[in-house]
Structures are given as structure tokens and as C-alpha cells.
Asker: 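Here it is, the structure, as C-alpha cells.
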Amino acid sequence: MKTSTAPAPSEADAGAEARGSLARRLRETPEVGVVAACVVVFAALAIDRSTFADAVNLQGMGFDLAQYGLIAIGESLVILTGGIDLSVGALLGTSVILMSWFNVRAGLPPVVAVLATLAITGLVGLLHGLAVTRLKMAPFVVTLVTYTVAQGVTLAITSGTSITGIGGLFGDIGQTYVAQIPLPLILFAVVAVAAWFFLERTYVGRQVYAVGGNAEAARLAGIRGDRRVVAMYVTSSLLSGFAGIMVLGRMGVGSASGVGVGWELSAIAAAVIGGVSLVGGQGRIVGIVAGTVLLEFINNGLTILQINSDYTNIVLGCVLALAITADRLRARGIARRS
């Protein structure tokens, strides 16, 4: 009786299978597209304008990236639960004024001024979370109210004028370099790594995804969804206050003129471009950071190319529209496959 055995796979077959598996994983990873876009945009701008890739401009982008990136991470944490936070930009602007007022007008040391401001922003986030979970109010409405109130508080405190004479601690945080790398960028990286670890490597982080994906199923599984939602709103507001420290240190004065205005749109755009689903439950920190980097490249590139600043919002709106469309198409594709 003769027996036959299947031929052992050749090295070429194994290599082809490995390449096919890698290509499949890349196609199924939503962050690949935005990372590739970052590389292409950076290369194109660096070739067209040599000043784009010089050290001074890169350091300037590092400062901007830290400011926008922090509120983008906070915004994304809320979106992952199925909510939205329209107050992140206005709350950042208010935190700048509050820290300035506490430090200069109330005579508090910079550290105390920072802690008092973070306590206020954390309380705002707590109110957001309780209104959404206990009163069942729409996140859009709740945070829109805060957006309006925060802008009013900012103008009421300053009467439209800047607060000068702030403590040196703010400048130390907002303008310091570590090995030619802006300190705010390093702090942003630390926050991003901490957020990644929380979402990807902790049980509570996985619960955040579960609540955003299907709140009822999460409840039946014994997950305390309300606590997770409240915690994410508090974190978002705290990150707005933390970003305010960097903005105040960089400006050197507590200014009420346009600080934080419209930044919530950039935060939402960075999240969606990075693969965060607007219906919640999907998205990763890697994509959020890449989305923020891409927006910074575009904004800075428009400046380097001397494009009229009036067109910046048009470009941002178009990018956001494309990101939302891609998010919907991706969601429909996932629904069809399941």
C-alpha cells in the first residue's frame, strides 16, 4: 500500500503567505491610511519648501501639536463612549484666564492657581457626565451650554483685556526645551502613552469601548457604564485645563482674544481622521495622534505656502467632511461583513 504526503511548503510559498498576511493586516488597520497621509504631506511640503522641515519650524509645530493633541485625546475619550464634547476649546480658553486671574489678581502662587483651575475644569466635566448619565440629556446640548457659558465667563473676567504679570512657572512649562524638544511635546507624548496604556492594556479601558459599542450589552455584562462615561467627561475637561497651562506659558499673558475658539472642531477632526467612530466604541490612540499630526502639517503647510488664512477653515472643513464620510463607509463595511 502506497502512502503519499503533502509536499512541504517551499520558502517562496511561506514568504508569499507572510506577505499576504501582512497586507491583510495593513488593510484592516484604520490607522495605516492617516499615517501614510502624514508621510506624504510632510514629504511634499518639505520638498516644496525647505523651511518646512527646518528645526525652528518643527519645534513650533511641536508646541502646537501638544496643545491641540491634548484636547484631541480628551475629545476622543468622550467620543469612544458614544458622546461628544463641544466645550473643550472654550474651556481651554477659560482655563487660561482663570489661571491668570488666580495668579495675578488673587495673588495665588502659580502651583495653587493651576490646581484651582484644574479643580474647576474637573468639576465641569463631572457636571457634564452626570447630566448625560443621570438626567439623560444629550451630550451635544450639555456641552454646547458649557461652550457658551465658558466664553461668557472669559469675557466677564477680563472685560476683553489681557492679564499680564503671570508667574514664571507657566513660562517654564510652555517655553522650555529638553534636548531641543519642546517640553509641551514631551508632556503630550506622556499623556498619549498613558491613554494608550489605559485603553489597550487595562480592564477598565476595554469597558470604555464596550460602553461605547453597545451600552445595553455592557450593562447586562455587569459593566458600570455610567461611571465610565462620567470618568471620560472629567478626563476631557481636565485635559483642556492642562492644555491651558501650556497655552498660557507660551503666550506669557492671559488673553481672551480667540484662544481656544474653534479648537473643538480640530479635536473632533483629529479623532475622526484617526479612526475614532462618531457612534462610539471604535478608535485607538495611535490613530488620534496621527490625525492630530496630519492636521498640524496641513495648518502649518498652508502658512508656509503663504495661503490666505481665511482658507484654513475651508480646508479643515473639507478634511473633516472626508473623514466623516470615510467613517460612515467604514461602519457600513463592517456592518455588511458581520
Side-chain angles (χ1 to χ4, degrees), residues 66-95 98-99 114-134 139-140 142-143 146-147 150 184 187-213 215 218 223-247 260 263-264 266-268 270-272 274 276-278 280-289 291-292:
Q67 297 167 185
Y68 292 119
L70 285 172
I71 61 174
I73 290 176
E75 182 71 60
S76 300
L77 294 175
V78 172
I79 295 177
L80 285 175
T81 66
I84 196 77
D85 190 350
L86 299 180
S87 68
V88 290
L91 198 57
L92 182 150
T94 302
S95 69
L98 287 176
M99 281 182 280
V114 168
L115 293 177
T117 301
L118 291 178
I120 293 173
T121 56
L123 177 61
V124 171
L126 178 62
L127 294 176
H128 287 168
L130 293 177
V132 170
T133 57
R134 299 292 179 86
F140 177 90
V142 174
T143 56
T146 301
Y147 170 89
L187 296 176
F188 165 64
V190 171
V191 172
V193 171
W196 171 85
F197 182 83
F198 167 73
L199 291 174
E200 302 279 343
R201 294 292 185 269
T202 67
Y203 179 62
V204 176
R206 305 312 298 176
Q207 289 181 341
V208 171
Y209 284 108
V211 171
I223 297 174
R224 297 180 175 180
D226 287 356
R227 291 189 177 183
R228 305 296 172 254
V229 172
V230 171
M232 294 305 99
Y233 277 101
V234 172
T235 303
S236 176
S237 296
L238 285 174
L239 286 176
S240 292
F242 187 47
I245 302 173
M246 301 178 184
V247 174
W263 289 20
E264 63 282 343
S266 297
I268 295 171
V272 178
V276 177
S277 174
L278 286 173
Q282 183 180 355
R284 299 197 301 176
I285 292 297
V286 173
I288 297 162
V289 172
T292 309

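Computed from a prediction, not measured in an experiment: that's the story for all the values here.
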Asker: Answer whether the closest heavy-atom distance between the side chains of Leu92 and Val88 falls below 4.5 Å.
Answerer: no
Asker: Considering residues at least two apart in sequence or located in another chain, which fulfil the ring-ring contact (aromatic ring centres under 6.0 Å, His included) criterion with Tyr68?
Answerer: Trp263
Asker: Check side-chain hydrogen bond (donor to acceptor under 3.5 Å, both in side chains) between Gln67 and all other residues, then give those that pass, not counting sequence neighbours.
Answerer: Arg250
Asker: Side-chain contact, heavy-atom cut-off 4.5 Å: Leu187 with Phe242?
Answerer: yes
Asker: Side chains of residues 123-131: which donor-acceptor partners sit under 3.5 Å, not counting sequence neighbours?
Answerer:
residue	atom	partner	partner atom	Å
His128	NE2	Thr146	OG1	2.6

Asker: Using atom types as modelled, flag every donor-acceptor pair under 3.5 Å from a side chain in residues 190-203 to any protein atom, sequence neighbours excluded.
Answerer:
residue	atom	partner	partner atom	Å
Thr202	OG1	Phe198	O	2.3
Thr202	OG1	Gly205	N	3.1
Tyr203	OH	Gln207	NE2	3.4

Asker: Would you list the pairs meeting side-chain hydrogen bond (donor to acceptor under 3.5 Å, both in side chains) in which at least one residue belongs to residues 74-85, sequence neighbours left out?
Answerer: Asp85-Ser87, Asp85-Ser236
Asker: Taking only residues two or more places apart in sequence or in another chain, which ones pass side-chain contact (heavy atoms from CB on, under 4.5 Å) with Ala231?
Answerer: none
Asker: Considering only heavy atoms from C-beta outward, does the side chain of Val208 approach that of Leu77 to under 4.5 Å?
Answerer: no
Asker: Are any of the side-chain heavy atoms of Val276 and Ile268 separated by less than 4.5 Å?
Answerer: no
Asker: Once side-chain contact (heavy atoms from CB on, under 4.5 Å) is applied, do any residues pair with Ser95, and if so which ones, sequence neighbours excluded?
Answerer: Met99, Thr117, Thr121
Asker: Please tell me if the side chains of Tyr209 and Arg284 come closer than 4.5 Å, counting only heavy atoms from C-beta onward.
Answerer: yes
Asker: Rounded to the nearest 0.5 Å, what separation is found between the CZ atom of Phe140 and the CD1 atom of Ile84?
Answerer: 9.0 Å
